[in-house]
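Below: one structure, written as structure tokens.
This chain uses plain numbering: 1 for the first residue, then up along the sequence.
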Amino acid sequence: MKRSLLIAAASLGILGASAAETSPKAEPPAVLASIKAGAPVRMVYELDAKAMVFILPATGRASFTVDMKPDSFAIKSRVRTTGLADVFVNYDMNLTAEGKTHASGLKTTKYISQNKDGKKNRRVELNMTETGFSMTAKPRFGNLGDPAATAEQAILANDPLTALITFALEPRAPGADACGGPIKVFDGRQLTYLHLKRAGTGTVKVKTNGWSGQAIECHVTMDKVAGYKKGESNNDTLTGISGPLKMYLAPLENGAHVPVKIVADTDKVGKITLTARSLRFEPLVTASASTPGKGG
């Protein structure tokens, strides 16, 4: 569960559509509009996790570097946790994702996850198209869940990295819940929907190393759609979480709504808090842009 919190900031299995399909379409926010207009952008985003196991601290960090061009994007991420063996598992994961950039968000075409936890050290490679997907895992999964995810289900979702980032960047329709959702996450095996609902109509003060200001509080629940053990699917809970998982979104001037704080009360570890360590958008210098022009 701790790994999931860091990865998807919720399946986390951080992190889908940002508004109901029946809602009217909004104009793209400035960040996506500028990218589609030919101004590539790099997003640098880090989350720190803190918990207490008995009287000893357990920590984690997830870093994301997102390079977005008018037609494509690439994400590199590393997720690390340290703590007590068998209580707070030590994960060291390298993750990458790539896909297509649209005015309405990002869409996965490839996702690679390499986990090094001293046990299975599994590598998963997922390739997605508009009509289906292929997945290879080494070592192989014992099974793909009961029921397993279908191609029709999977193509409506994004990998965990892309799901989190596109959730933050997608436009919100006027008058729609700023928390958006559902966030549809597929990691090659498990298909999960994260449902978000705004807590109240106001905002709350949030201060982190990476961002400070008034944030929107969202409560998150999970729908385990497919790829889980028999009997776990359609379980609308976040395993091991007491009460709602709370996600705080920073409404940025460029139209993004980025998770800057996540709080979960867990059964085994107690309270886990994720906060933004760094968050910035900067121009992305591409090879073509940096090549001097010819002529006298």
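Residues satisfying the salt bridge (charged side-chain N to carboxylate O under 4.0 Å, His left out) test with E130, not counting sequence neighbours, are none. Qualifying salt bridge (charged side-chain N to carboxylate O under 4.0 Å, His left out) partners for R78, counting only residues two or more places apart in sequence or in other chains: D92.
Under the 4.5 Å side-chain criterion, counting only non-hydrogen atoms from C-beta, V41 is not in contact with L284. I35 is not listed as a side-chain neighbour of P40, based on a closest heavy-atom distance of 4.5 Å or more. Proximity of R42 to F281: side-chain heavy atoms (C-beta onward) are nowhere separated by under 4.5 Å. Looking only at side-chain heavy atoms (C-beta outward), L161 and F64 come within less than 4.5 Å of each other. For the pair L164/P259, a side-chain contact is recorded, criterion being any heavy-atom separation below 4.5 Å from C-beta on. Put simply, the side chain of K246 does not reach to within 4.5 Å of the side chain of I262, judged on heavy atoms. With a 4.5 Å cut-off on side-chain heavy atoms, W211 and S278 do not count as touching. Residues L95 and Q114 have side chains not in contact (no heavy-atom distance under 4.5 Å, counting atoms from C-beta outward).
With values rounded to the nearest 0.5 angstrom, K184 atom NZ is found 9.0 Å from H195 atom NE2. Summarising the geometry, atom CG belonging to L32 is positioned 7.0 Å from atom CE belonging to M68; distances are rounded to the nearest 0.5 Å. Atom OG1 in T136 sits 9.0 Å away from atom CG in L126 (nearest 0.5 Å). T273 contributes atom OG1, which lies 12.0 Å from atom CG of L47 (distance to the nearest 0.5 angstrom). Atoms NE2 and CZ, on H257 and F167 in that order, are 8.5 Å from each other to the nearest 0.5 Å. Going from atom CD1 of I183 over to atom CG of D223 covers 13.0 Å, rounded to the nearest 0.5 Å.
Looking at D48 and R277, a side-chain N of the basic residue comes within less than 4.0 Å of a carboxylate O on the acidic one, giving a salt bridge.
Between the T166 side chain and the A163 main chain, no donor and acceptor come within less than 3.5 Å of each other. For T108 (side chain) and D159 (main-chain N/O), a donor-acceptor pair under 3.5 Å exists by modelled atom type. Checked by atom type and distance alone, the side chain of N158 pairs as donor or acceptor with a backbone atom of L106 at under 3.5 Å. No donor-acceptor distance shorter than 3.5 angstrom exists from the side chain of N115 to the backbone of M93, with no hydrogens or angles considered. At least one donor-acceptor pair under 3.5 Å links the side chain of R122 to the backbone N or O of R140. Between the side chain of Q153 and the backbone N or O of T150 there is at least one donor-acceptor pair closer than 3.5 Å. Of the possible donor and acceptor atoms, one in the side chain of K107 sits under 3.5 Å from a partner among the backbone N and O of A157. K36 contributes a side-chain N or O that, together with a main-chain N or O of P70, makes up a donor-acceptor pair within less than 3.5 Å. Side chain of T208 to main chain of A276: a donor-acceptor pair is present (N/O by atom type, distance under 3.5 Å, no hydrogens or angles).
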- Task: Start with the C-alpha gap between T101 and D71, add the side-chain angles, then the distance that decides, and say whether side chain to side chain donor-acceptor pair (under 3.5 Å) holds.
- Result: CA-CA 5 Å; T101 302; D71 297 317; over 6 Å; no
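Here the two rings, on F186 and F133, have centers that are under 6.0 Å apart.
Defined by atom type and a distance below 3.5 Å, a donor-acceptor pair is missing between the side-chain atoms of T65 and Y45.
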